[in-house]
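Pasting a structure here, questions to come.
For reference, positions follow the sequence shown, starting with 1. Note that the coordinates shown come from a computational prediction; the quantities given were computed from them, not determined experimentally.
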Amino acid sequence: MPINKSKNTQQVMDVVEQIEEIPVEKKEMQPRLLRLDWLAGGQLKQQLPFVLVIVLGAVLRFWQLGIKPLHHDESLHAYYSLQLLHNLENWRGCFDLKIACYRYDPLLHGPFQFHIIAFVYQCCQWLGVSDHGVNTTTVRIAAATLGSVIVGLPYFMRYYLGGRRVAWLACFLLAISPSMVYYSRFAREDIYMACFTLLLVAAAGRYIRSRQRSWLVVGTAAFVLSYATKEATFISIAVFGSFLFGLLVWEIGCKIPVRSRFQRDSILGHYAPKTAGSLSVAVLLLCCVPLAKWFFGWMKDTSIYINANTVTSDAIIKNIKNQTVILLPWLGLLIGIYVLLRWRRDLRQKKPLPARRGLAARIDPLKQPTLNALVTMPWQHWFGALVVGALIFVLLFSVVFTNLSNGIGDGIWQGLYYWLQQQQIARGNQPWYYYLLLIPLYEQIGLVFCLAGIVRCLRHPNRFRLFLLYWCVGVTGLYSWAGEKMPWMTIHMTMPMLLLAAIGLEPLFNRLSALVKNGQNLTQKGRNRVQSKRVIGSSIGTILGALAAMFLLILTVQNMLQVTFMHYADAPHEMMIYVQTTTDVSTVMDKIDQLDKKLYHGQHKLNIGVMTDADWPFYWYLRDYPNVCYGFPTGCTDANPEAIIAGGDNISKSQAQYSASDTSGHPTAYLFHHYRLRSWWDEGYKPRPCIPTETYSCQGQPRWGGVGPLLWLSYGDTPPDGAFFNPPLAFKNIWDWWWTRKPIGSTAGSTDMGFFIRSDMGVNP
């Protein structure tokens with residue numbers, strides 16, 4: 001009897017359609033939502049470990065959140081968020097572009113952090129929090145909250161990570177990571193971006209698996225929020241986009257058989273790949289290497305041109321923004337017309353069309369899940385995600401619609417323009433190996449088991465494991481290449497590293513659990529000597545591995561506690577802390593409040609002069625004092641302040657001019673005290689500076705630096721003449737720093753400030 005191929009094919013397609021219409025998680029979700037005995041059942045035991053580790057992460061992030069003085073950058077973010085709150089209180093007035101309201105400026109990064117901090121301020125005011133809801137704690141609440149969210153996100157990736165146990169290990173490692181904890185307590189944009197990046201990864205995986213529209217909307221919102229947080233999202237786009245493109249190329253190639261085309265007894269019949277998937281990726285790499293080389297060269301040349309021709313470049317980018325704003329409404333209109341036509345066709349369609357037709361019918365949903373998700377995506381899904389993403393983008397970059405036209409143009413192009421500028425400026429002047437030195441000093445258990453995870457992912461690969469590997473290597477390489485390198489960017493490398501570490505740690509965790517549960521099997525009768533020796537040998541290896549992991553965990557937790565709760569404002573002892581405001585600022589503020597209470601009964605009427613080099617973070621700390629002259633004495637020559645704050649090069653000159661010892665008896669004489677405004681970690685690890693000669697001008701090379709990483713680890717920043725790298729001494733210096741925080745180099749790096757109080761006030765500075 002002949003086989004009706006078309007009929008069988010249609011039956012298969014109908015079955016596939018029915019399977020795709022049922023969300024993968026429906027069977028799992030219904031009992032949780034509908035069963036009343038959920039808390040009494042096994043689900044509680046499964047969820048409780050995740051709840052406990054999330055609570056641990058939240059406690060580490062919120063405990064004593066306000067003890068650290070605001071960093072220079074934090075003070076900027078805190079101050080302008082407060083200004084934004086005041087602007088929104090007069091929302092209608094900000095439609096007038098002549099009024100100085102908050103506008104997106106890539107110098108301070110994306111608008112999200114200012115909106116979210118202002119929102120926290122407002123909520124705290126409604127709740128009656130002290131200081132009108134504005135203090136060093138409330139500034140960091142948003143960062144601590146999203147940092148805590150990061151801890152729980154691996155739970156939603158458990159299917160791809162390899163199960164609940166791997167997901168829980170990832171949650172735990174994220175909860176106690178020194179860099180993740182410290183920068184979750186730091187009001188900078190990087191922790192927000194890290195949260196949205198991980199949420200994007202989780203949502204993309206869940207959408208491909210379940211095809212639920214909500215996950216696509218969540219992923220789109222996460223991407224837009226990341227972009228509205230920091231321009232480094234371009235690096236995420238480069239890494240994720242290139243992997244997605246490579247994955248699609250591989251999935252297309254995997255439908256093309258290769259080995260079967262050759263005779264079985266030939267060499268190619270034995271060793272040729274089964275499909276053209278790997279060959280397609282290899283060809284793609286060969287094509288992309290020269291393209292990437294050209295692209296990075298173009299970026300460098302563009303950055304040089306922008307910084308050398310600022311006026312011309314500004315005019316070009318302004319014209320591009322204007323043209324973009326003109327074209328966007330037309331693009332929106334075309335999308336709207338297309339959606340209306342699709343919607344009208346769906347209403348008129350009496351019988352629903354099969355989901356798999358045209359190109360979709362050629363796709364194998366099992367072998368090509370990513371391609372299948374893209375090709376068979378309903379228009380309702382992508383349109384809903386587009387609407388949500390566009391609304392978030394416009395809301396934030398237009399500052400709640402008060403700067404609609406300019407805000408949209410700036411949001412699309414200004415961040416990229418600024419990012420290209422900074423590649424040539426290279427703030428921090430850190431060497432390419434900066435993160436390769438910083439991460440091992442803090443993230444011991446994550447780094448070691450990340451290497452084990454890489455090996456495991458290569459031995460037993462799947463799409464998600466290869467993605468994690470590509471993500472980790474990609475962001476580490478790109479951030480090391482980028483011109484600006486700062487310690488807070490470490491978390492973007494740490495996050496995928498810890499996910500890989502969880503994969504690498506799982507086998508040891510499983511063997512240890514089996515050893516604890518089944519230890520009695522060692523004494524069971526009937527085992528021969530060979531079996532007993534194998535079991536004992538495996539048990540010894542498991543115990544030694546567990547002891548090593550415990551040591552690495554203790555060391556990692558030690559580093560986390562030191563940088564977060566012990567030396568949180570002691571930059572000379574912590575490499576992860578960059579040019580941190582010292583606790584002397586709090587001392588100065590206590591003196592100012594004391595003087596104000598004595599003279600004006602705490603009404604904040606004290607007259608204060610702040611010189612240029614000390615304006616930040618005092619713009620923030622003196623926010624409640626209206627009688628402050630910034631840029632003193634130039635900005636207010638007739639002022640006679642009761643207190644003066646001088647910084648940097650102004651200290652010695654100001655001391656000679658205002659000190660009571662030189663003008664004794666004069667009514668404007670001041671008492672003086674020397675303080676440290678900011679301090680920093682020794683940078684002797686930087687390469688030696690370039691010294692120009694008659695034949696070499698050192699153009700483009702640093703003129704100042706350190707002694708190099710190896711000599712610095714061995715001898716600090718003052719190695720003896722003719723010294724070489726000394727491994728035992730370097731290990732001793734690192735060991736001492738780990739456990740006693742004995743600095744490797746100098747601790748003298750600081751920016752100082754001088755505090756003056758009028759001698760007739762009766763208060764010592």
request  = Side-chain contact test, heavy atoms from C-beta onward, threshold under 4.5 Å: evaluate it for Thr197 versus Phe223 and give yes or no.
outcome  =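 No. Closest side-chain heavy atoms not under 4.5 Å.
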ask   = Any side-chain heavy atom of Thr145 within less than 4.5 Å of one from Ile141?
value =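 A side-chain contact exists here, since the closest heavy-atom pair is under 4.5 Å.
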key: Side-chain heavy-atom pair Gln47, Tyr155 within 4.5 angstrom cut-off   =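 The answer is yes; the side chains approach within 4.5 Å.
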inquiry  = Within 45 degrees of the ring normal and closer than 6.0 Å to the centroid, is that where the cationic atom of Arg623 sits relative to Tyr79?
reply    =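 Arg623 over Tyr79 ring: no.
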inquiry  = I'd like to know if the side chain of Ser398 reaches the main chain of Leu404, judged simply by a donor and an acceptor atom lying under 3.5 Å from each other, with no hydrogens or angles considered.
reply    =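 No, the answer is negative, given that no donor and acceptor are paired below the 3.5 Å cut-off.
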task = Flag yes if more than 12 heavy atoms outside Trp63 fall under 6.0 Å of its CH2 atom; otherwise flag no.
result =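 For Trp63, atom CH2 is not crowded (no more than 12 foreign heavy atoms under 6.0 Å).
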request  = Quick one: do Tyr102 and Tyr80 satisfy ring pair (Phe, Tyr, Trp, His ring centres under 6.0 Å)? Show the steps, please.
outcome  = CA-CA 7 Å; Tyr102 167 78; Tyr80 287 113; 7.6 Å; no
query = Minimum heavy-atom separation for Pro154 to Leu499, with atom names?
reply =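 The answer is CG-CD2, 4.2 Å.
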inquiry  = Keeping Arg61 on the side-chain end and Ser184 on the backbone end, is there a donor-acceptor pair under 3.5 Å?
reply    =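 A pair under 3.5 Å: no.
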request  = Side-chain contact test, heavy atoms from C-beta onward, threshold under 4.5 Å: evaluate it for Leu85 versus Gln122 and give yes or no.
outcome  =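 Sidechains of Gln122 and Leu85: in contact.
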message = Working to the nearest 0.5 angstrom, can you tell me the gap between Lys321 NZ and Gln414 CD?
response =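 It is 4.0 Å, given to the nearest 0.5 Å.
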task = Evaluate the side-chain proximity of Met497 to Glu443: yes if any heavy-atom separation is below 4.5 Å, no if none is.
result =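 In short, these two side chains touch, coming nearer than 4.5 Å.
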query = Does the distance from a Lys or Arg side-chain N to an Asp or Glu carboxylate O, for Glu251 and Arg463, drop under 4.0 Å?
reply =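 The answer is yes: the pair qualifies as a salt bridge.
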ask   = Are side-chain N/O atoms of Arg164 and Gln46 paired as donor and acceptor at under 3.5 Å?
value =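 Note: Arg164 and Gln46 side chains meet the donor-acceptor criterion.
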inquiry  = Closer than 3.5 angstrom, by distance alone: can the side chain of Thr476 be matched with the main-chain N or O of Val473 as a donor-acceptor pair?
reply    =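 No; judged by distance alone, with no hydrogens or angles, the pair does not exist.
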inquiry  = More than 12 heavy atoms of other residues, nucleotides or ligands under 6.0 Å from CH2 of Trp382: yes or no?
reply    =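 Enclosed.
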query = Stepwise, does the side-chain contact (heavy atoms from CB on, under 4.5 Å) test hold for Arg185 with Phe565?
reply = CA-CA 11 Å; Arg185 302 165 57 90; Phe565 299 105; 3.8 Å; yes
query = Does Leu108 reach the side chain of Glu189, with side-chain heavy atoms less than 4.5 Å apart?
reply =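 In short, these two side chains do not touch, never coming nearer than 4.5 Å.
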request  = Indicate whether any N or O donor in one side chain lies under 3.5 Å from an N or O acceptor in the other, for Glu574 and Tyr568.
outcome  =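 Result is no, nothing qualifies.
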ask   = Is a side-chain donor-acceptor pair under 3.5 Å present for Trp91 with Thr402?
value =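 No pair is found: no donor N or O on one side chain lies under 3.5 Å from an acceptor on the other.
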query = Are Phe240 and Phe243 close enough, and set up right, to give a ring pair (Phe, Tyr, Trp, His ring centres under 6.0 Å), and what steps lead you there?
reply = CA-CA 5 Å; Phe240 295 172; Phe243 181 84; 8.8 Å; no
request  = Output the distance between atom CE (Met489) and atom CE (Met193), rounded to the nearest 0.5 Å.
outcome  =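 Between Met489 CE and Met193 CE, I get 9.0 Å after rounding to 0.5 Å.
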task = Classify the side-chain pair Ser242/Tyr470 by whether it contains a donor and acceptor separated by less than 3.5 Å.
result =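 Checked: Ser242/Tyr470 side chains pair up, N/O donor to acceptor below 3.5 Å.
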Reference residue Phe112; test ring-ring contact (aromatic ring centres under 6.0 Å, His included); the match among Phe196, Phe119, Tyr104 =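 One option only clears the test, and that one is Phe196.
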message = Can you see whether Tyr578 engages His71 through a side-chain donor-acceptor pair at a distance of less than 3.5 angstrom?
response =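 No.
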key: Check: Gly205 main-chain N/O paired with Tyr160 side-chain donor or acceptor under 3.5 Å   =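 Looks like yes, one N/O pair under 3.5 Å.
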key: Within 6.0 Å of OH in Tyr433, more than 12 heavy atoms from elsewhere   =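 Counting neighbours around OH of Tyr433, more than 12 heavy atoms of other residues, nucleotides or ligands fall under 6.0 Å, so yes.
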query = Looking at OH of Tyr183 and CE of Met180, how far apart are the two atoms once the value is rounded to the nearest 0.5 Å?
reply =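 Interatomic distance, Tyr183 OH to Met180 CE, rounded to 0.5 Å: 12.0 Å.
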task = Give a yes or no answer on whether the side chain of Arg465 reaches the backbone of Leu458 with a donor-acceptor pair at less than 3.5 Å.
result =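 Looks like no, no N/O pair under 3.5 Å.
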inquiry  = Taking the side chain as everything from C-beta on, heavy atoms only, tell me whether Leu395 gets closer than 4.5 Å to Phe401.
reply    =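 With C-beta onward as the side chain, the pair touches.
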ask   = Where the side chain of Gln580 meets the backbone of Pro69, is there a donor-acceptor pair that is under 3.5 Å apart?
value =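 Side chain of Gln580 to backbone of Pro69, a donor-acceptor pair under 3.5 Å: yes, one is there.
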Any donor-acceptor pair under 3.5 Å from Asp105 side chain to Leu107 backbone =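 Yes; judged by distance alone, with no hydrogens or angles, the pair exists.
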message = Using 0.5 Å steps for rounding, measure from the CG atom of Leu505 to the CG atom of Leu173.
response =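 Here the rounded value is 6.5 Å.
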ask   = Looking at Leu161 and Ala170, what are the two nearest heavy atoms and their distance?
value =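 Nearest pair, atom of Leu161 first, then Ala170: CD1-CB, 4.4 Å.
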query = When you look at CZ of Phe245, are more than 12 heavy atoms from neighbouring residues, nucleotides or ligands closer to it than 6.0 Å?
reply =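 No, CZ of Phe245 has 12 or fewer neighbouring heavy atoms, counting only those of other groups under 6.0 Å.
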message = Check this for me: Trp379, atom CH2, are more than 12 non-hydrogen atoms of other residues, nucleotides or ligands nearer than 6.0 Å?
response =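 Check passes, neighbour count above 12.
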Side-chain donor/acceptor of Thr324 to backbone N/O of Ile320, under 3.5 Å =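 Side chain of Thr324 to backbone of Ile320, a donor-acceptor pair under 3.5 Å: yes, one is there.
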message = I'd like to check Ser210 versus Trp215 (side-chain heavy atoms, cut-off strictly below 4.5 Å). Are they in contact?
response =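 Of all side-chain heavy-atom pairs linking Trp215 with Ser210, at least one is under 4.5 Å.
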request  = Decide if the gap between the ring center of Trp471 and the ring center of Phe467 is smaller than 6.0 angstrom.
outcome  =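 That pair passes the under 6.0 Å test.
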query = For Arg211 and Thr376, does a side-chain donor sit closer than 3.5 Å to a side-chain acceptor?
reply =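 Present: a donor and an acceptor within the cut-off.
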message = For the OG1 atom of Thr490 and the OH atom of Tyr434, what is their distance to the nearest 0.5 Å?
response =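 Reported value, rounded in 0.5 Å steps: 6.0 Å.
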query = From Ile191 CD1 over to Thr229 OG1, what is the distance, rounded to the nearest 0.5 angstrom?
reply =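 One finds 11.5 Å between CD1 of Ile191 and OG1 of Thr229.
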Gly163 backbone acceptor or donor facing Arg158 side chain under 3.5 Å =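 Answer holds: no.
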query = Taking SG to SG, are Cys472 and Cys450 separated by less than 2.5 Å?
reply =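 Looking at Cys450 and Cys472, their sulfur gamma atoms do not lie closer than 2.5 Å, so the answer is no.
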ask   = Where do Ser179 and Thr494 land on the side-chain hydrogen bond (donor to acceptor under 3.5 Å, both in side chains) test, with the steps shown first?
value = CA-CA 8 Å; Ser179 58; Thr494 300; 3.3 Å; yes
query = Is there a donor-acceptor pair under 3.5 Å between the side chain of Tyr442 and the backbone N or O of Met576?
reply =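 Side chain of Tyr442 to backbone of Met576: a pair is present.
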task = Identify the two heavy atoms, one from Ser148 and one from Phe62, that lie closest to each other, and give their separation to 0.1 Å.
result =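 What the structure gives for the nearest pair is OG-CE1, 3.7 Å.
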